[in-house]
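Below, chains carry the letters A, B, ... as their sequence lines are ordered, and counting in each starts from 1.
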Number of protein chains: 4
Amino acid sequence: MVIRIDLSSDTPIYVQLRNEIVKGIGKGELLPGENLPTVRQLSAELGVNAMTVSKAYQILKTEGYIETDRRRGAAVRAAGPKGAAAENGREKMESTLELLSAEAKLQGMDREEFLRLCGDAFAQMEV
Amino acid sequence: MVIRIDLSSDTPIYVQLRNEIVKGIGKGELLPGENLPTVRQLSAELGVNAMTVSKAYQILKTEGYIETDRRRGAAVRAAGPKGAAAENGREKMESTLELLSAEAKLQGMDREEFLRLCGDAFAQMEV
Amino acid sequence: MVIRIDLSSDTPIYVQLRNEIVKGIGKGELLPGENLPTVRQLSAELGVNAMTVSKAYQILKTEGYIETDRRRGAAVRAAGPKGAAAENGREKMESTLELLSAEAKLQGMDREEFLRLCGDAFAQMEV
Amino acid sequence: MVIRIDLSSDTPIYVQLRNEIVKGIGKGELLPGENLPTVRQLSAELGVNAMTVSKAYQILKTEGYIETDRRRGAAVRAAGPKGAAAENGREKMESTLELLSAEAKLQGMDREEFLRLCGDAFAQMEV
DNA sequence: GTGGTCTAGACCACC
DNA sequence: GTGGTCTAGACCACG
């Protein structure tokens, strides 16, 4: 799986990392039960601080996307995200979609075009 | 129009403000040409510093959502956002939707449900 | 002569006014000795405060572009701008051109293209 | 690189700073990838507030002249200014040149002299 | 140590 | 009265 980080972005690196991994799981590039690279591997590969990778993993763990086994390292959780995180996610998702809708409409997009964009995004998760 | 700010959020106040106002314009709660509250009014109402509000207005101005007439204060721009901001917005929007899709799918949502959510969000802009 | 003012611009209206009139004189749309509209006429025509127009005229007068006769109002000065203003203008002009050159180059323009742009601008003054 | 600020000028300090840095990049005094002084350094050196410097940097960032890496501070962007800023710049540049031409002509400059001035300015960017 | 955010309060230009 | 600018000083997130 390819992880792309933009060091000059304003979103923190550990958040970018978290997002990229969530996308990777969603797309099936990382399968349930599959191991993630170790913190050291990934930090070396991306040229970022190990603490940054560690922080991303920790968030993914609290959100229930991954679980860590002392012996095997981090692996994608089979059961999917925990209930609590999911509920929070729902509200946040609606709020984000509301903002996105507003921006889309004000750029002249109509309902059909916006939904096509949404559908295209979701389609990437179904391959 | 009601603006709700979460002082304990990790997203900066001026970004929250910017987002709320974009939503307000999108929903038609703020009509083209309509005046926004003055910087001082809004800052007093929200209990934040005037510079914070000013910063939000300046961003909205460079994005082309509003314009400021030295005589009347800030008002919603009739022409809509500038081309430049719109182009950047497209890529960002696709990236956000990709992440949202991944999160949605991993919470067990199927395509239909996700698109319904998207449609509901956009519907708020069409009232 | 047509004067176009952008009320939502960040450059003060009286400066825009001053600039437009200088351009007008340069282009020959306002001939030496020709009368300018009265402050009241112009302020009414543009829908701006009379004091704003007055301020622009005052600047043009100190710069030596126009002169005011109590009986005839303001008129384009035959002799052109005064020496002092001209000297100041020279330095300022060089500084502005330096900035413009930098911006041009960084946008990928080459010398030839930049000079063509400069030549085109000057050509408007020679019709 | 030497940065000179005129505290008594009517153009805001952060704009002067932005302009000086753009000139510096154009002249090659600041090379692509090279680091700019930190906000605190520069603010101390110039005797202005850190926020003022920060504001200048933020503008240069949105214009695409520099980028900030959370680890190393601000650095000159290799790719040059973003397309969006470049487009706006073109119109503004033509308008400025038009005004400059008028002023030049009214000071008695002829086409040849004006173009020499323009050429001299651009030459500084080609050393 | 870096930039980013926010505050409280002051002053100014513009209209 | 409006937004814009600047200050001095504090705190925080990030890495």
Self-check item: Closest contact, heavy atoms only, L106(D) versus G26(C)
Solution: CD1-N, 4.0 Å
Quiz item: Between T68(D) and K61(D), what is the shortest heavy-atom contact and its length?
Solution: OG1-NZ, 3.3 Å
Quiz item: Can you name the nearest heavy-atom pair linking I21(A) to I3(A), along with the distance?
Solution: CG1-CD1, 4.2 Å
Exercise. Tell me which of R72(B) and V15(D) sits closer to the 5' end of DNA chain F, going by the nucleotide each one is nearest to.
Key: R72(B)
Self-check item: Comparing R70(B) and T11(B) on DNA chain E - which has the more 5′ nearest nucleotide
Solution: T11(B)
Practice problem: Flag the pair E98(A) / K27(B) as yes when at least one side-chain heavy-atom distance between them is below 4.5 Å, and no otherwise. | Solution: yes
Self-check item: Nucleotide range of DNA chain E lying under 4.0 Å from chain C heavy atoms
Solution: dC14(E) to dC15(E)
Self-check item: Any side-chain heavy-atom pair of L7(A) and V48(A) under 4.5 Å
Solution: yes
Practice problem: Identify whether any heavy atom of Y57(B) sits under 4.0 Å from a base atom; if not, whether one sits that close to sugar-phosphate; answer base, sugar-phosphate or nothing. | Solution: nothing
Practice problem: Assign each of R71(B) and Q58(D) to its nearest nucleotide of DNA chain E by heavy atoms, then name whichever residue's nucleotide is nearer the 5' end. | Solution: Q58(D)
Exercise. Please determine if E63(B) and R18(B) form a salt bridge, counting it only when a charged side-chain N lies under 4.0 Å from a carboxylate O.
Key: yes
Quiz item: Is I59(C) close to Y14(C) at the side-chain level, that is, under 4.5 Å between some pair of heavy atoms?
Solution: yes
Quiz item: Between P37(B) and T52(A), who's closer to the 5' end of DNA chain F by nearest nucleotide?
Solution: P37(B)
Exercise. State, with a plain yes or no, whether a side-chain heavy atom of L17(B) is found less than 4.5 Å away from one of L42(B).
Key: yes
Quiz item: Any idea which heavy atoms bring E103(D) and V22(C) closest together, and the distance?
Solution: CG-CG1, 3.8 Å
Quiz item: For DNA chain E, what dot-bracket results from Watson-Crick or G-U pairs at under 3.5 Å, with [ ] for crossers and | for inter-strand partners?
Solution: ||||||||||||||.
Quiz item: Do you know the tightest heavy-atom contact between A78(B) and P32(B)?
Solution: CA-CB, 4.0 Å
Quiz item: Do S54(B) and Q58(B) have side-chain heavy atoms sitting under 4.5 Å apart?
Solution: yes
Self-check item: Near-strand residues of residues 38-51 of chain B, defined as heavy-atom separation under 4.0 angstrom from DNA chain F
Solution: T38(B), V39(B), R40(B), M51(B)
